[in-house]
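Single-structure report; data block below.
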Amino acid sequence: MPVIKTTIPSGYPFEDRYGYARAVRVGPHIFVSGTTARTPHLEANAYVQMRAAIATVAVALSETGAELRHVVRTVVYAVDLADTDHIARAHQEAFGASRPASTLVQVAGLTPVSALVEIEVTAFVHD
């Protein structure tokens, strides 16, 4: 049986220049690219930015037939680890019931430069 690859665009101008998609689904596996908040949330704190990024991830997942409950792994990139409590609160609100494997990494900066946090996820649709 052939495996079908489906790509979901982000609509972000950098996508074509860089050559990526917001999300890719291959069989039951879904990979969502690193996602940050967008205007107007980029002027807010890390909690608001993380919630906005997760909302964008949720939309991408829904376009592949998945939901946040299908997420099995998250990788979170933070500019300042002093924001960990804010980031963790937003992560727990979204994923507390499903408890995916997760990694938090501090980075020197993100794109756009006003972004404080970025999240990428892997999901598996098992039902």
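Just the heavy atoms: all of them, side chains too, but no hydrogens, waters or symmetry mates, feed the values below. Positions are given from 1 along the sequence.
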query: If you round to the nearest 0.5 Å, how far is NE2 of His86 from CG of Asp80?
result: 10.0 Å

message: Run the side chain to side chain contact (heavy atoms under 4.5 Å, CB included) test on Thr36 and Thr111 for me, step by step, so that the C-alpha distance in whole Å, both residues' side-chain angles and the decisive distance to 0.1 Å come before the verdict.
response: CA-CA 8 Å; Thr36 62; Thr111 302; over 6 Å; no

task: Using the side chain to side chain contact (heavy atoms under 4.5 Å, CB included) rule, take Val117 and Asp83 through it: C-alpha gap first, then chi angles, then the decisive distance, then the call.
output: CA-CA 9 Å; Val117 63; Asp83 289 330; over 6 Å; no

message: Main chain of Leu61, side chain of Glu67: is a donor-acceptor contact present, judged purely on distance under 3.5 Å?
response: no

message: I'd like to know if the side chain of His41 reaches the main chain of Arg38, judged simply by a donor and an acceptor atom lying under 3.5 Å from each other, with no hydrogens or angles considered.
response: no

- prompt: Taking all atoms of both residues into account, what is the closest heavy-atom pair of Glu63 and Ile8, and its distance?
  reply: OE1-CG2, 2.9 Å

field: ILVMFWY cluster, Val59 and Phe31 together (side-chain gap under 4.5 Å)
entry: no

task: I would like to know whether Ile87 and Leu116 meet side chain to side chain contact (heavy atoms under 4.5 Å, CB included); could you show each step before the answer?
output: CA-CA 10 Å; Ile87 293 166; Leu116 302 173; over 6 Å; no

query: Would a hydrophobic clustering, with Ile, Leu, Val, Met, Phe, Trp and Tyr connected at side-chain separations under 4.5 Å, put Leu110 with Met50?
result: no

task: For residues Asn45 and Val48, determine if any side-chain heavy atom of one lies less than 4.5 Å from a side-chain heavy atom of the other.
output: yes

statement: When every non-hydrogen atom of Ala90 is compared with those of Ile54, the smallest separation belongs to O-CD1, 3.8 Å

message: Side chains of Val121 and Ile119, heavy atoms from C-beta outward: is any pair under 4.5 Å?
response: yes

task: Spell out, yes or no, whether Tyr12 and Val57 are grouped together once hydrophobic residues are joined by side-chain heavy atoms under 4.5 Å, including indirect joins.
output: no

- prompt: Do Phe95 and Ile30 belong together in a cluster built from hydrophobic side chains that touch within less than 4.5 Å?
  reply: yes

Below 3.5 Å, can you tabulate the donor-acceptor pairs from side chains in residues 71-79 to any protein atom, sequence neighbours excluded?
| residue | atom | partner | partner atom | Å |
| --- | --- | --- | --- | --- |
| Arg73 | NH2 | Thr103 | OG1 | 3.1 |
| Thr74 | OG1 | His91 | NE2 | 2.8 |
| Thr74 | OG1 | Ser102 | OG | 2.7 |
| Tyr77 | OH | Glu120 | OE1 | 3.1 |

Which side-chain N or O atoms in residues 13-29 pair as donor and acceptor under 3.5 Å with protein atoms at least two apart or in another chain?
| residue | atom | partner | partner atom | Å |
| --- | --- | --- | --- | --- |
| Glu15 | OE1 | Ser10 | N | 2.5 |
| Glu15 | OE1 | Ser10 | OG | 2.4 |
| Arg22 | NH1 | Gly34 | O | 3.4 |
| Arg22 | NH1 | Thr35 | OG1 | 3.0 |
| Arg25 | NE | Gly27 | O | 2.7 |
| Arg25 | NH1 | Thr64 | O | 2.5 |
| Arg25 | NH2 | Gly27 | O | 3.4 |

